[in-house]
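Proteins get letters first, then strands, A, B, ... in listed order; numbering begins at 1 in each. This structure is a prediction, so every number in the text was calculated from the model and none was measured.
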Number of protein chains: 2
Amino acid sequence: MVDPSPIHAVPLREHVYERLQEMLIARVLPPGGHLVEERLAGQLGVSRGPVREALQRLHRDGWVTLRPRYGAFVNQPTPDQVTEFFEARELLESWAASLAAQRCTDGDGAALLRICDEADEGLRTGRAAGEMAALTARFHTTVLEIARNHILLEFGRQLSHRSRWFFAPLVSSLAPRAWEEHRAVAELIGSGRADEAAAAMRTHISESRDAYLETQPVAPDGGADAAVPAAAVPAAAVPAAAVPDAAVPHAAVPDAAPVGAGRPAGDALPSRAAPT
Amino acid sequence: MVDPSPIHAVPLREHVYERLQEMLIARVLPPGGHLVEERLAGQLGVSRGPVREALQRLHRDGWVTLRPRYGAFVNQPTPDQVTEFFEARELLESWAASLAAQRCTDGDGAALLRICDEADEGLRTGRAAGEMAALTARFHTTVLEIARNHILLEFGRQLSHRSRWFFAPLVSSLAPRAWEEHRAVAELIGSGRADEAAAAMRTHISESRDAYLETQPVAPDGGADAAVPAAAVPAAAVPAAAVPDAAVPHAAVPDAAPVGAGRPAGDALPSRAAPT
DNA sequence: GATCTGTCTATTGTTTACGATGTTGTGACC
DNA sequence: GGTCACAACATCGTAAACAATAGACAGATC
């Protein structure tokens with residue numbers, strides 16, 4: 001079962017973690033679904049060890065719930081979680097914008113604007129939604145990097161991933177507006193106007209939250225309720241959308257290609273968004 | 001070798017994680033030291049599995065550095081890390097104080113003040129430094145809880161633990177002053193004055209940083225994790241540039257009592273500080 | 001003497017197998 | 001209908017083994 005390609009520069013658990021993240025974002029692993037170590041291990045072509053470790057990290061990062069002796073279940077955002085998520089983002093990122101404005105070099109500012117340019121180009125040419133989402137993630141991560149605080153960066157990265165998860169079904173709908181706001185933030189950061197940059201970022205995230213809440217009905221809190229009304233869900237697919245959270249004892253999970261199946265480093269996965 | 005007590009409500013890795021944290025705070029595992037899975041497993045009376053998982057979590061929480069095929073090394077705070085740490089704390093906790101002031105119930109306010117009372121009592125009677133540190137942690141965690149944002153709470157908890165680690169050697173010296181400030185914050189939160197509470201908390205943490213820097217000489221830079229080159233290169237992997245240099249290849253680590261040796265739940269460890 | 005090279009050792013990364021334990025759901029029974 | 005025993009399932013932990021590799025060390029070469 002050892003895969004023939006000898007390149008294992010990074011531990012398997014990392015690959016598994018990323019693969020599972022992709023599957024969660026793509027809703028291949030639907031909210032409420034039960035993640036069984038052995039089944040995942042079989043699907044990914046590894047043993048249970050790395051899967052266990054990846055699941056624990058997914059748990060710490062808020063993707064799944066680990067019930068001590070029973071298993072891992074895919075989280076689905078409750079209204080409270082959505083509120084808290086955007087609140088945290090608003091805090092962290094507006095502060096990051098402020099710090100970034102104070103610590104921004106010419107190169108940093110240029111890098112931010114380059115991302116905006118690339119996004120504009122992408123919007124004109126109608127690039128894939130996944131790529132645009134990756135660009136968005138890169139913009140926000142870059143702001144965090146310019147702020148030059150590794151703790152903040154780490155926290156922000158966690159939030160950024162979850163953001164991709166939330167927005168996966170409707171990512172394209174709000175892109176043009178968002179990128180106007182991104183550019184405004186970038187210019188304020190580049191010119192060192194800290195307070196204005198922070199305010200702009202706060203507004204941006206606040207609007208992004210409103211857009212999310214208008215478009216995306218959140219699951220009712222308690223969880224006993226099944227059948228999320230698929231009404232307002234845009235045509236953006238969502239394969240197994242209405243999943244009853246409680247009681248999906250054996251949610252059938254489609255197969256997936258084994259991990260680490262020979263591929264040196266580039267790892268041509270559909271969307272590799274998390275930058276750096 | 002199976003431990004005779006049958007009560008394993010929580011996974012062993014949790015116990016191991018907490019035990020290792022204690023050992024790190026107590027400097028039983030000294031900064032720069034090499035943590036060898038098998039040795040720790042032997043010392044704690046468990047197998048390698050739970051130790052691996054605990055080490056990975058310690059890595060993710062910033063306690064140790066994990067070098068892919070070589071091992072786990074205890075971090076030691078560099079000046080930059082100290083700066084970033086207090087910066088992050090100042091942000092998170094002042095924000096939390098503001099939110100807490102807006103969302104504080106009568107019971108919440110009373111709980112905060114009760115902690116302050118207990119601390120005053122402890123200061124008068126000269127209670128152990130470890131207990132006072134635990135009280136401090138509890139105060140800050142309680143503020144985060146009153147803010148009612150689980151993401152913020154989780155981030156704050158991570159910072160709080162590291163705080164105990166930083167301050168372990170000098171925890172008693174700044175206690176009385178700190179508790180005056182704590183009480184001031186508590187009263188502002190209790191009376192709902194958000195902006196003032198935030199400012200007070202910011203001041204408190206800022207002073208706490210100054211006290212730390214005056215007393216504690218920080219190690220010269222070049223320590224733990226790699227330096228992120230901020231923006232510019234999005235794809236570059238940057239595999240841990242600056243190595244721990246300190247080079248304590250086989251730091252002798254004293255023995256420790258096995259984990260989970262009997263004891264149902266109360267777990268009478270010397271200082272059980274992390275509240276909830 | 002300094003540098004390069006090859007070997008050796010220690011430790012991690014991963015797999016496999018097994019037993020113990022806790023959770024959940026089910027069906028018998030009252 | 002409600003309660004209890006039981007079986008199925010999945011995790012949790014242990015143990016043992018092996019491959020791969022990073023680092024240390026000794027030896028050869030310049």
Side-chain angles (χ1 to χ4, degrees), chain A residues 1-17 32-42 44-59 64-74 246-251 253 258-261, chain B residues 1-17 19 33-59 64-73 239-240 243-253 258-261 264-265:
Chain A
M1 191 42 63
V2 183
D3 74 88
S5 75
I7 298 200
H8 271 175
V10 307
L12 251 192
R13 58 171 176 271
E14 299 287 332
H15 288 298
V16 174
Y17 177 79
H34 187 180
L35 304 186
V36 179
E37 288 179 5
E38 194 158 2
R39 190 158 30 195
L40 290 176
L44 298 176
V46 302
S47 70
R48 283 177 51 198
V51 173
R52 278 174 69 83
E53 292 165 1
L55 283 178
Q56 279 164 35
R57 190 165 156 210
L58 286 173
H59 170 60
V64 307
T65 299
L66 235 46
R67 282 206 276 164
R69 217 136 196 142
Y70 188 49
F73 295 83
V74 181
V248 184
H250 287 214
V253 170
V259 69
Chain B
M1 192 48 64
V2 182
D3 99 5
S5 76
I7 298 199
H8 270 176
V10 306
L12 245 194
R13 58 170 175 269
E14 301 287 331
H15 289 297
V16 174
Y17 176 79
R19 287 294 267 124
H34 186 181
L35 304 185
V36 179
E37 288 179 4
E38 195 156 1
R39 190 157 32 196
L40 289 177
Q43 287 173 4
L44 298 176
V46 300
S47 67
R48 274 176 64 198
V51 172
R52 278 177 69 78
E53 292 163 3
L55 283 178
Q56 281 163 34
R57 188 164 158 210
L58 286 173
H59 168 61
V64 308
T65 298
L66 234 47
R67 280 207 277 162
R69 219 139 199 138
Y70 190 48
F73 295 85
V243 256
D245 73 22
V248 187
H250 287 214
V253 170
V259 70

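For B:R48 against C:dG13, a side-chain-to-base donor-acceptor contact under 3.5 Å is present.
Aromatic ring orientation, B:H34 versus B:F73: parallel (interplanar angle below 30°, classes split at 30° and 60°).
When side chains are defined from C-beta on, B:R57 counts as touching B:E14, because their heavy atoms get closer than 4.5 Å.
Remark: C1' of D:dC12 and CZ of A:R69 are 4 Å apart, rounded to the nearest angstrom. Rounded to an integer number of Å, the gap from A:H34 NE2 to C:dG25 P is 11 Å. Atom CZ of A:F73 is separated from atom C1' of D:dA10 by 10 Å (rounded to the nearest Å). Rounded to whole angstrom, the span from the CD atom of B:E37 across to the P atom of C:dT11 amounts to 11 Å. Per the geometry, CG belonging to B:L12 stands 11 Å off P belonging to D:dC12, to the nearest Å. When the P atom of C:dA10 is taken as reference, atom CZ of B:R39 falls 12 Å away, rounded to whole Å. Rounded to whole Å, atom P of D:dA8 lies 15 Å from atom OH of A:Y70. Between B:Q56 atom CD and C:dT12 atom C1' there is a gap of 11 Å when expressed in whole angstrom units.
Remark: side-chain polar atoms of A:H59 are paired, donor with acceptor, to backbone N or O of A:V64 under 3.5 angstrom.
OP1 or OP2 of D:dC12 has at least one side-chain nitrogen or oxygen of B:R13 nearer than 4.0 Å. For A:R67 and D:dT11, the shortest distance from a side-chain N or O to OP1 or OP2 is not below 4.0 Å.
Across all strands shown, B:G49 has no heavy atoms under 4.0 Å from either base or sugar-phosphate atoms.
Scanning both residues, B:A54 and B:R13, for their nearest heavy atoms gives CB-O, 3.9 Å.
Nearest to the side chain of A:S47, among D:dC12, D:dA15, C:dT16, sits C:dT16.
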